[in-house]
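What follows is a set of notes on a single structure, which appears directly below.
Note that ligands are numbered from 1 as they come in the structure, with each ligand's atoms numbered from 1 the same way.
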Amino acid sequence: TNAMALQSLFSLLVYLFILKCQEQNTSLFGIKPSRFHFNKPENYISMYHQEGTDRLYVGGQAMIYVLTFTDRGVHDLQGIFCGCGHKQYCKSHDLECDNFITVIQKVNDTFIVCGTNAGSPRCWMLVRVSSDSSQIAAASDISPPYPSQRSITLPADGNLYSAMSSAGSHSGSIRRTFGYQKLLKTENIWLLNPQFAGAAIIPSSHKFKEEIYFFFSEINKTARVDEEPYRARIGRICTVDEGGIKALLPESWTTFMKARVMCGAGNTQQQYNNMKQAVVLTAQDKRTGVMYGLFSNAWGRTVICAYSIEDIDQAFSTSKLKGYSSQFTGSRPGMCVRKNSTAGAHNDVKNLGVIRYYPEIEDVIRPVGVAPLDLPTDDQITHTVADIVLAVNDEHYSVLYLGTEQGKVLKVLHTSEEVFIISQYSLFHNEGPVLNMAIDSQKGHLYVGTAMEVQRLPLADCGRYGNTCRECILSRDPYCGWDRARRKCITIPPGYNRRTSPKEVVLPSNTTIFLPCPVRSFHATYRWEKDNCIKNYPCLFSGDFCVLGPIVDTPLKEGVFRCMATEDGFKVEVISFRVVNDGRLLAASLASTLGLSLLLAIATLWLH
Ligand SMILES: *[C@@H]1O[C@H](CO)[C@@H](O)[C@H](O)[C@H]1NC(C)=O
Ligand SMILES: *[C@@H]1O[C@H](CO)[C@@H](O)[C@H](O)[C@H]1NC(C)=O
Ligand SMILES: *[C@@H]1O[C@H](CO)[C@@H](O)[C@H](O)[C@H]1NC(C)=O
Ligand SMILES: *[C@@H]1O[C@H](CO)[C@@H](O)[C@H](O)[C@H]1NC(C)=O
Ligand SMILES: *[C@@H]1O[C@H](CO)[C@@H](O)[C@H](O)[C@H]1NC(C)=O
């Protein structure tokens, strides 16, 4: 019967995807965002976007909008998704008695669409070739019953992971809901009324050590009125997890652990405990990067806290477990182990018992800089996405896009030293809150949705910074550089950095080197900097060259050394060297995202 149900739903999906196709005229002059207006307000929207495409799927009230963005406008195709017939289940929430599309996701070639279906949520699948009845049965517990309830879905290696917030009789869970690996879940006692805020794959150079982090808040419903009911959390599981043994955790994760996350200044009372959304930036194959969390306090004030992925990983790998005082014998509980390892968690009954009863670690995760980002705005933030940008100076920068309650989007540069609002967009005719965003780093697009419309913006919008080098550079927008020949502030072309990265110097062991920097202007001050401005050194001697050599506190070891010239408040990079020991290549660590400061003149190397 499941196969039949699937067949008919498949047809339903195909037939209902036929409505209209319209093209809007958008000015090509200047970068006007391409926009799509809903015919009726959509107060809850879900989005699906696959990087590198121009297509955005937007789920609304009994409706899926398939939007294709072009330079000339937006094509749209709308499919009605009626979840009729269950209205008896919903009583007071009239607005929530329809079929709100809460999940649109793709796992390999299978599209999964879920809706609230009038309080009894269900999923529809578009299976490519054959319809496997077990798959549709397995795909339960993906959509929440009400559209206001968050659910998170994350595809990884052909499996779908989903996290459902608690609602009504649902206690909330983290599951592998679909795929070729064993379907697993959390034990109910591991989560206390979780409200999910995000999830991310945390890569590793060893595939079997790959993890997924889930971000959520827990609510203590019996907390006294003068107590804080929220606690922000990170939960993690290993993707290799195949469940426990018959007697212990047979259908559950054997690698689940959770940690408390703090966001607030030190140990003060001013804490933000309700994590509403979280995004992660990581390297391709390494466990480095940064997590940004959007938090609110009891008065609804919102802040952003940043966390180092290395710190979180360190805590999960070394912390004591709360309430467990015995020593670990053999392997540590909850660690990711190879599937075929005989020493694996499957056989280690004792470790299964530890995870079952003591999944929480004692260490508390604190933000980088021990406080929320010092954002110079009082706007209430409703949604966040983030991007890593390789600027012309060969450094990686984090750029956050913050959607606000007033329908604005703030573009924010984050470095270890400061937070800087690069630009602010007031995009919408009406001032409704930003409800959802999707980012495409590959194509350089940002999609922003409110209840009335969806817009697409370019991530690099360099034309807005005026027509002088100074304005271009002072914008501090890492996507942009000054093109001297064309006298324009332009988007840094792909691959540009490969041509301009620091000159490499291989340092045989126990040798001394001197790095020369040509002095071009005698009005300028020359200095050397290492590790992205954190350390800086004077010229050892100067004249036609400002030379950096080994002095007592300047061991010329591995690292990137940059010669910076400052004149009239402008700082430009003159030359840079990457010193490598014994031919061993330096790993360009993404951790530098956190350990770098801003070069005022990011466009330096452009001045060739
Ligand atoms: C759209 O643009 C074309 C070409 O510029 C123009 O001829 C046409 O009148 C425009 N249509 C609308 C509806 O503005
Ligand atoms: C999905 O894709 C992954 C990786 O591309 C592959 O290993 C897996 O077998 C695929 N799963 C299915 C069900 O096709
Ligand atoms: C919830 O708060 C109550 C009242 O302070 C407390 O007794 C209880 O232990 C808390 N529950 C949890 C799980 O922390
Ligand atoms: C199983 O383990 C052995 C030894 O630990 C290893 O050589 C082999 O590659 C593993 N096989 C798989 C499929 O992971
Ligand atoms: C390099 O210096 C270390 C100690 O500073 C010394 O032990 C080693 O022998 C030296 N190597 C060479 C090749 O000179």
Side-chain angles (χ1 to χ4, degrees), residues 141 144-146 148-152 162-175 184-199 212-237 244 248-249 251-278 291 293-301 303 305 307 312 315-316 319-326 333-334 351-367 372:
D141 275 317
Y146 304 113
S148 51
Q149 219 78 37
R150 281 292 294 279
S151 77
I152 303 289
S162 76
M164 269 258 283
S165 299
S166 80
S169 58
H170 247 284
S171 57
S173 62
I174 296 171
R175 291 168 182 265
L184 299 174
K185 60 174 179 53
T186 39
E187 296 278 295
N188 282 345
I189 55 156
W190 292 346
L191 302 168
L192 183 67
N193 305 308
Q195 301 296 311
F196 284 92
I212 299 179
Y213 286 179
F214 293 89
F215 306 99
F216 53 103
S217 293
E218 292 188 319
I219 310 174
N220 182 350
K221 289 190 169 159
T222 56
R224 294 189 312 267
V225 282
D226 60 331
E227 278 180 327
E228 170 64 62
Y230 287 98
R231 282 193 169 194
R233 300 281 189 186
I234 298 178
R236 55 71 93 180
I237 52 118
L248 207 48
L249 304 177
E251 310 283 321
S252 300
W253 305 108
T254 61
T255 55
F256 177 80
M257 286 198 274
K258 70 175 182 181
R260 175 95 192 261
V261 182
M262 302 301 286
C263 173
N267 280 325
T268 62
Q269 289 293 307
Q270 191 54 271
Q271 295 292 326
Y272 296 81
N273 290 306
N274 187 2
M275 185 171 5
K276 304 180 78 99
Q277 209 212 330
M291 186 276 269
L294 167 62
F295 292 79
S296 74
N297 64 8
W299 294 273
R301 184 176 144 73
V303 293
C305 274
Y307 303 84
I312 301 171
F316 279 125
S319 170
K320 282 187 177 161
L321 300 179
K322 209 168 182 173
Y324 186 79
S325 50
S326 316
N351 276 354
L352 291 187
V354 175
I355 287 296
R356 167 73 177 77
Y357 294 102
Y358 309 98
E360 184 176 351
I361 64 168
E362 245 178 49
D363 286 7
V364 169
I365 312 294
R366 294 187 192 279

Does the side chain of Gln271 reach to within under 4.5 Å of the side chain of Glu228, using non-hydrogen atoms? no
Every pair of nitrogen or oxygen atoms between ligand 3 and the protein that is under 3.5 angstrom apart - can you list them with their distances to 0.1 Å?
| residue | atom | partner | partner atom | Å |
| --- | --- | --- | --- | --- |
| ligand 3 | 2 (O) | Asn220 | ND2 | 2.4 |
| ligand 3 | 5 (O) | Glu227 | OE1 | 2.6 |
| ligand 3 | 5 (O) | Glu227 | OE2 | 2.9 |
| ligand 3 | 11 (N) | Asn220 | ND2 | 2.9 |

Donor-acceptor pair, side chain of Arg260 and main chain of Glu362, under 3.5 angstrom: no
Short question: side chain of Asn274, backbone of Tyr230 - any donor-acceptor pair under 3.5 Å? no
Under a 3.5 Å distance rule, please check whether Lys258 uses its side chain to pair with a backbone N or O of Trp190 as donor and acceptor. yes
If we check ring-ring contact (aromatic ring centres under 6.0 Å, His included) with Phe196, which of these qualifies: Phe216, Tyr213, Phe215? Phe216
Go through the steps to decide whether Glu360 and Lys322 satisfy the test salt bridge (Lys or Arg N to Asp or Glu O under 4.0 Å), and finish with yes or no. CA-CA 6 Å; Glu360 184 176 351; Lys322 209 168 182 173; 3.5 Å; yes
